[in-house]
Amino acid sequence: MRAQNGVQPFSHHCRVYYEDTDAGGIVYYVNYLKFMERARTERLRELGYAQSTLSGEGLLFVVHSAEARYHAPARLDDQLVISADVIELNRASLRFRQQVRRAADDVLLCEGQFLVACVRADNLKPRAIPEPLRHAFAGTQAPGPIAAGE
């Protein structure tokens, strides 16, 4: 299924705090992964699905693989804009393309791709992404409830 056919690009805003920086005053490299994780979570929430609700229904999303490229540093108090766009939608996985940019000058700081698998909460084995959620990611239908066992 084509991902995000009719879906507007998504971005999440956050600020760099002292705890995000290293001794040199720049964002520690692994924190970009945290920023991108938050953007994926907020993307899901914008579609009408909270991860807490999904996990209660036996569905989890886990990162299968991650790729990141770093271009420029972010610093304390920078406002960041993090995109989270689905570029591939498979039966039991999604591939996100993400970018972290500094809001003040739109400079690309970090970019990456993440393969995220849908798994059962009880045994962590792959499961199909429920149809309402697949359609929400593809932008082909309004989000709806996920039926038990989907």
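Without hydrogens or angle criteria, Arg101 side chain to Asp106 main chain gives a donor-acceptor distance under 3.5 Å. A donor-acceptor contact shorter than 3.5 Å is absent between the side chain of Ser93 and the backbone of Asn90. Although no hydrogens or angles enter the test, the distance criterion places no donor-acceptor pair under 3.5 Å between the side chain of Tyr18 and the main chain of Leu76. Of the possible polar contacts, one joining the Tyr32 side chain to the Ala74 backbone as a donor-acceptor pair under 3.5 Å is found.
Summarising the local packing, OH of Tyr17 is surrounded by 12 or fewer heavy atoms from other residues, nucleotides or ligands at distances under 6.0 Å. By the neighbour-count criterion of 12 heavy atoms within 6.0 Å, atom NE2 of His71 is densely surrounded, having more than that number from other residues, nucleotides or ligands.
Residues Leu44 and Phe61 meet the side-chain proximity criterion, which asks for heavy atoms closer than 4.5 Å. Between Phe96 and Ile87, the closest side-chain pair of non-hydrogen atoms is not below 4.5 Å. Residues Leu59 and Pro130 have side chains in contact (heavy-atom distance under 4.5 Å, counting atoms from C-beta outward). By the 4.5 Å heavy-atom criterion applied to side chains, Ser65 and Glu67 are not counted as neighbours. Proximity of Glu111 to Val100: side-chain heavy atoms (C-beta onward) are nowhere separated by under 4.5 Å.
Shortest non-hydrogen contact noted between Cys118 and Ile129 is CB-CG1, 3.7 Å. Nearest heavy atom pair, residue Ile82 against residue Phe35, reads CG2-O, 4.0 Å.
Side-chain contact check for Gln98 and Ser83: no donor-acceptor pair (N or O, by modelled atom type) lies under 3.5 Å. Inspection of the Arg15 and Gln79 side chains reveals an N or O donor paired with an N or O acceptor under 3.5 Å.
With sequence neighbours left out, the salt bridge (Lys or Arg N to Asp or Glu O under 4.0 Å) criterion links Asp78 to Arg102.
Cation-pi geometry between Arg40 and Phe114 is satisfied (NZ or CZ under 6.0 Å from the ring centre, within 45° of the ring normal).
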